[in-house]
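Nothing here was measured: the structure is a model prediction, and the numbers come from that model.
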Amino acid sequence: MVEVLRRSPDRVDAPELPTADLAHARYEAQLAYKKAFVEEALSRIAKVRRPVNDTVPSPQAWAYRNTAQYLVTPQGLAYRERRGSDPLVVDKDPW
């Protein structure tokens, strides 16, 4: 993204985090996007067109995760940068 021309009603201000791809959207919209991702993958990759159940929400909209992949570097715990290969060293897991 270079510039936001028209702000979606689903858009929220959020920190730039290397592992939170949908942080720009309100939580309910994130759930809808995740369902759409599964539907698209099933139809495009598996050639299966079937209804997909709604995404099961977490009881907590933020500060949780179900999976994470870290790098262990001499400088400490890190994420891989989204737009490159350099590690992003963090003091603690931000979520």
Side-chain angles (χ1 to χ4, degrees):
M1 178 182 73
V2 175
E3 177 184 5
V4 176
L5 299 177
R6 187 172 16 131
R7 188 177 170 102
S8 166
D10 288 331
R11 189 169 190 84
V12 296
D13 295 325
E16 177 75 24
L17 297 171
T19 60
D21 294 338
L22 298 175
H24 67 280
R26 64 185 179 83
Y27 188 61
E28 294 78 11
Q30 291 179 27
L31 298 174
Y33 292 145
K34 291 174 184 181
K35 178 181 177 180
F37 294 157
V38 172
E39 291 171 334
E40 190 271 337
L42 284 173
S43 67
R44 182 177 51 83
I45 299 168
K47 308 296 187 227
V48 173
R49 296 194 189 280
R50 301 199 46 138
V52 173
N53 292 339
D54 289 340
T55 305
V56 177
S58 169
Q60 188 173 322
W62 295 102
Y64 78 93
R65 72 169 67 247
N66 63 2
T67 187
Q69 294 181 349
Y70 303 103
L71 299 172
V72 178
T73 70
Q75 294 78 29
L77 179 70
Y79 292 110
R80 188 162 311 282
E81 281 283 8
R82 199 181 287 167
R83 294 173 185 87
S85 59
D86 295 330
L88 173 65
V89 178
V90 293
D91 293 329
K92 62 179 179 137
D93 184 359
W95 293 100

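- The salt bridge (charged side-chain N to carboxylate O under 4.0 Å, His left out) analysis of residues 50-63, with sequence neighbours excluded, yields the pairs K35-D54.
- Under the 4.5 Å side-chain criterion, counting only non-hydrogen atoms from C-beta, L22 is in contact with K34.
- Atom-to-atom distance recorded for F37:CZ and T55:OG1 is 10.0 Å, nearest 0.5 angstrom.
- In plain terms, the two heavy atoms of P87 and A78 that are nearest each other are CB-CB, 3.8 Å.
- Screening H24, Q30, R26 against D10 for a side-chain hydrogen bond (donor to acceptor under 3.5 Å, both in side chains) leaves a single residue, R26.
- Among residues two or more places apart in sequence or in another chain, the salt bridge (Lys or Arg N to Asp or Glu O under 4.0 Å) test is passed with R7 by D13.
- For the salt bridge (Lys or Arg N to Asp or Glu O under 4.0 Å) test, no residue two or more places apart in sequence or in another chain qualifies with R11.
- E40 meets the salt bridge (Lys or Arg N to Asp or Glu O under 4.0 Å) test with R44; sequence neighbours excluded.
- The two residues P57 and L31 make their nearest non-hydrogen contact at CB-CD1, 3.6 Å.
- Residues that satisfy the side chain to side chain contact (heavy atoms under 4.5 Å, CB included) test with A32, not counting sequence neighbours, are absent from this structure.
- Y27 places a side-chain N or O within 3.5 Å of a backbone atom of S58 that can act as its donor or acceptor partner.
- Side-chain contact check for V89 versus T73: some heavy-atom pair is nearer than 4.5 Å.
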